[in-house]
Amino acid sequence: MLTLYNTQSKRKSAFHPLDARNVRVYVCGPTVYDDIHIGNARPMVVFDVLVRVLRRLYPRVTYARNITDIDDKIIARANKNNESTAELSQRMVVRFHEQMDALGVLPPDKEPLATHHIDAMIALIATLLEKKHAYVAEGHVLFHVPSMPSYGALSQRKREAMLAGARVDVAPYKKDPFDFVLWKPSHKDMPAWPSPWGKGRPGWHIECSAMSNACLGTPFDIHGGGIDLLFPHHENEVAQSCCAFNCTNMAQVWLHNGYIVMNDEKMSKSLGNDVRLCHLLATYPPQTLRYFLLSAHYRQPTPWQEKALKDATRALDTLYEAQARLAAVAPLKDTPDSDTPDSDASISDIQHALADDLNTPLALAHLHRHAKTITKNVTGAPLRAAVRAFRDAQDLLGLVTLSAEDWFQSNTSTTTESIDETFIRSMITQREEARRAKDFQKADELRDTLYQQGIILEDTPQGVQWKRRR
RNA sequence: GGCGCGAUGGCAGAGUGGUUAUGCAGCGGACUGCAAAUCCGUGUACGCCGGUUCGAUUCCGACUCGCGCCUCCA
């Protein structure tokens with residue numbers, strides 16, 4: 001059984017799909033005007049784990065994650081760069097895909113682009129106008145919030161309370177301060193699409209209503225995104241979708257991840273305190289970043305600090321040490337479960353932890369305990385459980401997916417440049433000769449030389465192993 | 001101003017009404033020619049004040065502090 005914390009009900013409850021034959025998930029993807037930062041990467045990794053768990057539990061899952069390739073930030077950046085919005089967004093999409101791939105984020109089943117769904121948006125807006133939930137004013141089409149009595153139900157805000165905030169944009173053409181734009185006119189330097197209301201472009205929220213409906217139908221099971229999207233973005237999506245498609249809710253479960261926090265402050269590009277994923281990927285192994293993002297519960301605000309990546313790397317070292325030993329005694333791919341399939345005992349504690357609202361820190365704690373049983377050479381049932389746990393770590397968490405050799409010798413590292421493997425081998429051979437001759441001084445000099453170049457030697461019963469120093 | 005979230009050992013981070021995860025770091029030991037890796041041992045933490053209870057870090061209330069949303073935002 002899977003339980004999830006629903007932002008709307010503010011509690012954990014058992015997940016029951018609307019259609020168990022096809023579980024449908026939608027996650028708000030990136031706006032491709034610039035490289036993403038580590039905080040942006042969090043929902044990508046977290047909901048990747050969610051989808052992996054859902055695939056374990058249900059025969060079919062349809063996962064849609066959109067790309068916003070038209071919006072005011074993209075327009076502004078493209079103009080600044082002297083390129084078209086299409087050129088800019090396509091370039092950023094390529095980079096985004098490369099980075100997701102590096103992080104082990106599996107591609108979604110559907111990845112709709114906003115610019116490919118303009119027709120659907122226009123149709124949706126027309127429906128809202130027809131149903132008197134929207135109106136035209138000065139070239140804009142606006143959603144009329146008072147036309148929807150239940151507006152605010154998702155984020156549980158009261159109209160009066162929000163008005164008191166006095167931070168609501170009150171454009172003169174709005175009938176109500178909360179009305180929001182569905183369609184807006186484009187000016188000279190802006191991309192524009194023809195519509196019944198003149199040439200223009202969509203508002204921010206409409207794309208998700210149109211694309212989730214196109215990809216999944218409405219309502220669907222799970223809608224995810226960062227907590228900052230709860231209001232107004234998701235609230236407005238609900239308004240659009242429910243009013244257009246006649247349903248009481250757009251998605252039955254709403255999941256929101258917390259922020260990565262920089263010095264007690266939300267990490268964001270507008271605050272200028274963001275750490276780019278591409279920079280981190282140039283310095284740290286991708287598995288380290290993934291481990292970091294899964295080492296805290298997804299709903300908790302999580303402090304950013306460079307040290308955390310060092311810790312994550314060391315923790316992965318421990319896991320890969322165990323994995324190397326496991327590979328020697330019980331290859332993951334070839335070891336069948338000896339426990340009864342489908343019995344409760346055959347479900348790993350990793351899976352149990354993840355099924356409880358994606359408790360990834362607990363899952364990692366379990367994994368470390370299994371690693372310990374492996375390095376302690378325990379056999380029998382505990383070893384079988386460890387094999388299962390490591391398999392689930394790969395399949396569900398997307399961790400420990402490399403060979404130990406690749407992990408320890410990969411050259412994405414803070415301290416090493418690329419180095420000649422032939423040279424390492426020859427140094428190892430020379431050192432072995434010196435050791436056989438009991439010339440330990442020379443042997444240690446050779447080892448030190450390699451150490452200076454970022455290579456650590458280990459004398460194991462199976463022979464000399466080398467690792468990169470981190 | 002409104003609404004919401006959080007406060008756990010050096011750092012990170014789960015969890016639980018009573019037996020106190022996990023990782024990283026530290027310290028002592030074993031192993032090793034010396035190391036590395038590994039193993040063994042080692043740290044009685046839960047913001048403050050009340051209340052409920054035989055017993056609270058865990059439940060309730062007040063307080064303090066921090067953060068977030070109400071505007072673009074993962």
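In what follows, chains are A, B, ... by sequence order, proteins preceding strands, each numbered from 1.
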Notebook entry, point to check: Nearest nucleotide by nearest heavy atom, which residue falls closer to the 5' end of RNA chain B, A/Tyr33 or A/Tyr298?
Noted result: A/Tyr298
Notebook entry, point to check: OP1 or OP2 of B/A21 less than 4.0 angstrom from a side-chain nitrogen or oxygen of A/Arg369, does that happen here?
Noted result: no
Notebook entry, point to check: Is the backbone N or O of A/Leu309 less than 3.5 Å from a side-chain atom of A/Thr313, with the two atoms forming a donor-acceptor pair by type?
Noted result: yes
Next item on the list: Respond yes when some side-chain nitrogen or oxygen of A/Lys266 is under 4.0 Å from OP1 or OP2 of B/C69, and no when none is.
Entry: yes
Check: Heavy atoms under 4.0 Å, any strand shown: does A/Ala308 hit a base, just sugar-phosphate, or nothing?
Finding: nothing
Notebook entry, point to check: In whole Å, what separates the P atom of B/A7 from that of B/A25?
Noted result: 26 Å
Margin query: Please give the distance between the P atoms of B/C46 and B/A37 as a whole number of Å.
Written below: 33 Å
Check: Can we say A/Glu432 and A/Arg435 salt-bridge, meaning some charged N sits less than 4.0 Å from an Asp/Glu carboxylate O?
Finding: yes
Notebook entry, point to check: Roughly how far apart, to the nearest Å, are B/G6 and B/U58 at atom P?
Noted result: 14 Å
Next item on the list: Take atom CG of A/Leu50 and atom P of B/A74, then tell me their distance rounded to the nearest Å.
Entry: 20 Å
Note to self: Please give the distance between the P atoms of B/G23 and B/C65 as a whole number of Å.
What the structure shows: 37 Å
Note to self: What is the distance, to the nearest angstrom, from the CE atom on A/Met267 to the P atom on B/C67?
What the structure shows: 16 Å
Check: Taking the same atom, P, in B/A74 and in B/C69, what whole-Å distance lies between them?
Finding: 12 Å
Item checked: Whole-angstrom distance between B/G29 and B/A35, as gauged at atom P -> 12 Å
Notebook entry, point to check: On RNA chain B, nearest-nucleotide positions of A/Lys376 versus A/His297: which is more 5'?
Noted result: A/His297
Notebook entry, point to check: Just by distance, do the side chain of A/Gln394 and the backbone of A/Val400 share a donor-acceptor pair under 3.5 Å?
Noted result: yes
Check: Counting only side-chain N and O atoms of A/Ser295, is one of them less than 4.0 Å from OP1 or OP2 of B/G23?
Finding: no
Next item on the list: Measure from CZ on A/Phe292 to P on B/C24 and round the result to the nearest Å.
Entry: 17 Å
Note to self: Tell me whether A/Lys174 forms a cation-pi arrangement with A/Phe180, defined as NZ or CZ under 6.0 Å from the six-membered ring centre and within 45 degrees of its axis.
What the structure shows: no
Item checked: Distance-only donor-acceptor check, side chains A/His234 and A/His256, under 3.5 Å -> yes
Notebook entry, point to check: C1' atom, B/U16 versus B/A30: distance in rounded Å?
Noted result: 35 Å
Checklist line | Distance, rounded to the nearest Å, where A/Asn236 contributes CG and B/C70 contributes C1' | finding: 12 Å
Notebook entry, point to check: Would you say the base of B/A74 and the side-chain of A/Arg42 have a donor-acceptor pair closer than 3.5 Å?
Noted result: no
Next item on the list: Searching all strands shown, indicate the nucleotide that pairs with B/G68 (Watson-Crick or G-U wobble; both distances under 3.5 Å).
Entry: B/C3
Item checked: Pi-cation contact, A/Trp466 with A/Arg447 (under 6.0 Å, within 45°) -> no
Next item on the list: Tell me whether the OP1 or OP2 atom of B/C24 has a side-chain N or O from A/Thr318 closer than 4.0 Å.
Entry: yes
Checklist line | B/C48 versus B/A56 - spacing of their P atoms, nearest Å | finding: 14 Å
Next item on the list: Write down the partner of B/G61 under the Watson-Crick or G-U wobble criteria, each distance required to be under 3.5 Å.
Entry: B/C49
